Amino acid sequence: MPSRTIRAAVAVTVASVVTTTTLLVAGPAAADELPQIGITSPGGSSLVSVNESGPQQLEMVVHSASMDRDIPISVLLPKDRSAPRPTLYLLNGAGGGEDAANWQAKTDVVQFFKNKNVNVITPNAGAFSYYTDWQQDDPELGRNKWSTFLGKELPPIIDEALDTNGRNSIAGISSSATSVLNLAIEHQGLYKSVGSYSGCASTASQLGETYIRITVEGRGGGDATNMWGPYGGPGWIANDAIINAPKLRGQTLYISNATGFPGPYDSLAYTKDPASLADQIILGGGIEAATGICTALLVDRLNRLNIPATYDFPPAGTHSWGYWEDQLHKSWPTLAGPLGL
């Protein structure tokens, strides 16, 4: 009997050791596992596919129920995945990442976030959509319900798939610098911090309307009245972040814009092709100067409302990626603070 008792005790001890060892081994391995496809969010959107594209990098495809289309998503994973981490939604510009003008192709974003404990999510679709919900389907640009997708459909899927802690930030450039402000206004409480780089927050003004029409109609071939209805109407007013600035209160804001004058990245040392450089200086300079007017109006409005924000206004710089990379670096401490990083 004593020997039988000893054998039973030894068996229990061994089983306990094996279980503990298995858990210790499985912990880190679980963090390295790919998210399971089939994760859904309310309304029927779902995670369609997941593939590794590099160290700490994934390419996901999420089906949007509201747009009835698959959306490719680039993901940068945290350095340490042993605990739930926050999420930065980082939006591309007018081309939506459907072209070569995207964060991963044009900046050091992969290297910059390599040692940071944050999930970085970038949709690679939505060209010329302003990442908003369009009132009507467009013959050229199709069905666009980006506010629904980014504000309601995608976050629950990301939170479950990547085991996040539910704290979010959002940042964008150019036309998407307008979008991120409107997304923060529309989806109250979803984002803790917002980064807007070289955007025009004014959409109901003549300047803002002209800028949007150049993007949506001139470049995208769409009809901007399908987006927000008649020019100058209620839809344009509802998406004017300057008019609706009181709804930005309580969020951490980072706003930047350069002057449009040539700066350090406007040279053949950075832009090798002379024609591209000329375009960057002439067209990019003009666009940056125009968004600078919009940004000055936003700053004045926020100041009059006593809504705090962090600003950065370099004395030189065009509407181009070298300066946006700098702004991402500069803004990160501001964006990261409310995320607990």
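Since we're looking at a predicted model, the values are computed, not measured.
- No donor-acceptor contact under 3.5 angstrom links the side chains of Ser129 and Trp134, judged on distance only.
- At distances below 3.5 Å, not a single donor-acceptor pair connects side-chain atoms of Ser169 with backbone N or O atoms of Thr87.
- Contact between Thr259 and Pro315 at its shortest, heavy atoms only, is OG1-O, 2.8 Å.
- The shortest non-hydrogen separation linking Ile242 to Ser202 is CD1-CB, 3.7 Å.
- With no hydrogens or angles considered, no side-chain donor-acceptor pair links Asp133 and Asn144 at under 3.5 Å.
- A chain of hydrophobic side-chain contacts below 4.5 Å, direct or via other Ile, Leu, Val, Met, Phe, Trp or Tyr residues, connects Trp146 to Leu190.
- Inter-residue side-chain proximity for Leu91 and Ile170 is flagged as met; some heavy-atom pair is nearer than 4.5 Å.
- In this structure the side chain of Ile185 never reaches within 4.5 angstrom of the side chain of Leu183, judged on heavy atoms.
- Considering only heavy atoms from C-beta on, Thr164 stays 4.5 Å or farther from Arg85 through its side chain.
- In this structure, Leu328 and Trp103 have side chains that are in contact, with non-hydrogen atoms separated by less than 4.5 Å.
- Between Trp332 and Phe113, a ring centre-to-centre spacing shorter than 6.0 Å is recorded.
- Using a 4.5 Å cut-off between side-chain heavy atoms of Ile, Leu, Val, Met, Phe, Trp and Tyr, with links allowed through other members, Ile214 and Tyr211 fall into different hydrophobic clusters.
- With no hydrogens or angles considered, a side-chain donor-acceptor pair links Glu186 and Ser147 at under 3.5 Å.
- Counting only heavy atoms from C-beta outward, the side chains of Leu253 and Pro308 never approach each other to under 4.5 Å.
- Qualifying ring pair (Phe, Tyr, Trp, His ring centres under 6.0 Å) partners for Trp228, counting only residues two or more places apart in sequence or in other chains: Trp236.
- Side-chain atoms of Asn168 and Pro86, non-hydrogen and from C-beta on, never get closer than 4.5 Å to each other.
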(message) Working note: His63 + Arg69, criterion side chain to side chain contact (heavy atoms under 4.5 Å, CB included); need CA distance, chi angles, decisive distance, verdict.
(response) CA-CA 6 Å; His63 182 79; Arg69 58 191 276 205; 5.5 Å; no
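- No donor-acceptor contact under 3.5 angstrom links the side chains of Thr203 and Asn239, judged on distance only.
- Within the model, atoms CG of Leu47 and OG1 of Thr40 stand 10.0 Å from one another, a figure rounded to the nearest 0.5 Å.
- Within the 3.5 Å criterion, the main-chain N or O of Asp137 finds no donor-acceptor partner in the side chain of Arg143.
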(message) The test is side chain to side chain donor-acceptor pair (under 3.5 Å); show your working for Ser64 and Glu153 and say whether it passes.
(response) CA-CA 7 Å; Ser64 167; Glu153 296 177 340; 2.8 Å; yes
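- Atoms OG and CD1, on Ser46 and Ile39 in that order, are 10.0 Å from each other to the nearest 0.5 Å.
- Without hydrogens or angle criteria, Ser205 side chain to Gly208 main chain gives a donor-acceptor distance under 3.5 Å.
- Side chain of Asn244 to backbone of Ile237: a donor-acceptor contact under 3.5 angstrom is found.
- Taken together through direct or relayed side-chain contacts under 4.5 Å among Ile, Leu, Val, Met, Phe, Trp and Tyr, Phe149 and Val50 form part of one hydrophobic cluster.
- With a 6.0 Å radius and a threshold of 12 heavy atoms from other residues, nucleotides or ligands, Gln188 has its CD atom above the threshold.
- Using a cut-off of 4.0 Å between Lys/Arg side-chain N and Asp/Glu carboxylate O, Asp326 and Lys330 are scored as not salt-bridged.
- With hydrogens and angles left out, the side-chain atoms of Asp266 and Gln280 include a donor and acceptor closer than 3.5 Å.
- For the pair Arg81 and Asp163, the salt-bridge criterion is not met [side-chain N within less than 4.0 Å of a carboxylate O].
- Note that the CG atom of Leu339 and the CG atom of Leu335 stand 7.5 Å from one another [nearest 0.5 Å].
- Checked against Tyr265 for a ring pair (Phe, Tyr, Trp, His ring centres under 6.0 Å), the options Trp321, Trp324, Tyr323 give a single hit: Tyr323.
- Between Phe313 and Tyr311, the ring-plane angle classifies as parallel under the 30° and 60° cut-offs.
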(request) With side chain to side chain contact (heavy atoms under 4.5 Å, CB included) as the test, would you mind laying out the steps for Tyr89 and Leu154 before giving the verdict? (result) CA-CA 10 Å; Tyr89 290 88; Leu154 182 61; 3.9 Å; yes
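- Thr318 contributes no side-chain N or O that, together with a main-chain N or O of Gly260, makes up a donor-acceptor pair within less than 3.5 Å.
- When atom types are taken as modelled, the side chain of Asp240 and the backbone of Ala204 share a donor-acceptor pair closer than 3.5 angstrom.
- Residues Leu76 and Gln56 have side chains not in contact (no heavy-atom distance under 4.5 Å, counting atoms from C-beta outward).
- The backbone N or O of Ser193 lies less than 3.5 Å from no partner atom in the side chain of Thr252, so there is not a single donor-acceptor pair.
- Checking each of Val110, Val75, Asn51 against Gln57 for a side-chain contact (heavy atoms from CB on, under 4.5 Å) leaves exactly one that passes, namely Val110.
- Of the possible polar contacts, one joining the Glu288 side chain to the Ala258 backbone as a donor-acceptor pair under 3.5 Å is found.
- Minimum heavy-atom separation, Leu150 to Pro123: CD2-CG, 3.8 Å.
- Residues Val216 and Tyr131 do not share a hydrophobic cluster, clusters being chains of Ile/Leu/Val/Met/Phe/Trp/Tyr side chains in contact below 4.5 Å.
- In the model, Gln327 has a side-chain atom that pairs as donor or acceptor with a side-chain atom of Asp312 under 3.5 Å.
- With a 6.0 Å cutoff to the six-membered ring centre and a 45° limit on the axis angle, Arg167 does not count as a cation-pi contact of Tyr191.
- Side-chain contact, Ser331 with Tyr197: a donor N or O sits under 3.5 Å from an acceptor N or O.
- Using a distance-only test at 3.5 Å, with no hydrogens or angles considered, no donor-acceptor pair links the side chain of Glu98 to the main chain of Ala125.
- In this structure, OG on Ser175 lies 9.0 Å from CD1 on Ile212, to the nearest 0.5 angstrom.
- Note that the CD atom of Gln36 and the CD atom of Glu160 stand 10.0 Å from one another [nearest 0.5 Å].
- Clustering ILVMFWY residues whenever any of their side-chain heavy atoms sit less than 4.5 angstrom apart, transitively, puts Ile307 in a cluster other than the one holding Tyr254.
- More than 12 heavy atoms of other shown residues, nucleotides or ligands fall within 6.0 angstrom of atom NZ in Lys145.
- The two residues Arg213 and Ala224 come nearest to each other via the heavy atoms CG-CB, 4.5 Å.
- Using a 4.5 Å heavy-atom threshold, the side chains of Val48 and Val62 count as separate.
- For the residue pair Leu305 and Ala245, the shortest heavy atom distance occurs at CD1-CB, 3.8 Å.
- Taking CG of Asn119 as the reference point, atom CD1 of Ile158 lies at 8.0 Å (rounded to 0.5 Å).
- The backbone N or O of Phe112 lies less than 3.5 Å from no partner atom in the side chain of Asn115, so there is not a single donor-acceptor pair.
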(message) Assess the residue pair Lys116 and Leu341 against the criterion (side chain to side chain contact (heavy atoms under 4.5 Å, CB included)); give the C-alpha distance rounded to whole Å, side-chain angles, the decisive distance to 0.1 Å, and a yes or no.
(response) CA-CA 9 Å; Lys116 296 175 175 57; Leu341 297 174; over 6 Å; no
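- Across all non-hydrogen atoms, the minimal contact from Pro35 to Met60 is CG-CE, 3.8 Å.
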(request) Please report the C-alpha distance between Asp223 and Glu217 in whole Å, then the side-chain angles of each, then the deciding distance to 0.1 Å, and finally whether the side chain to side chain contact (heavy atoms under 4.5 Å, CB included) criterion is met. (result) CA-CA 6 Å; Asp223 182 347; Glu217 299 176 353; 3.9 Å; yes
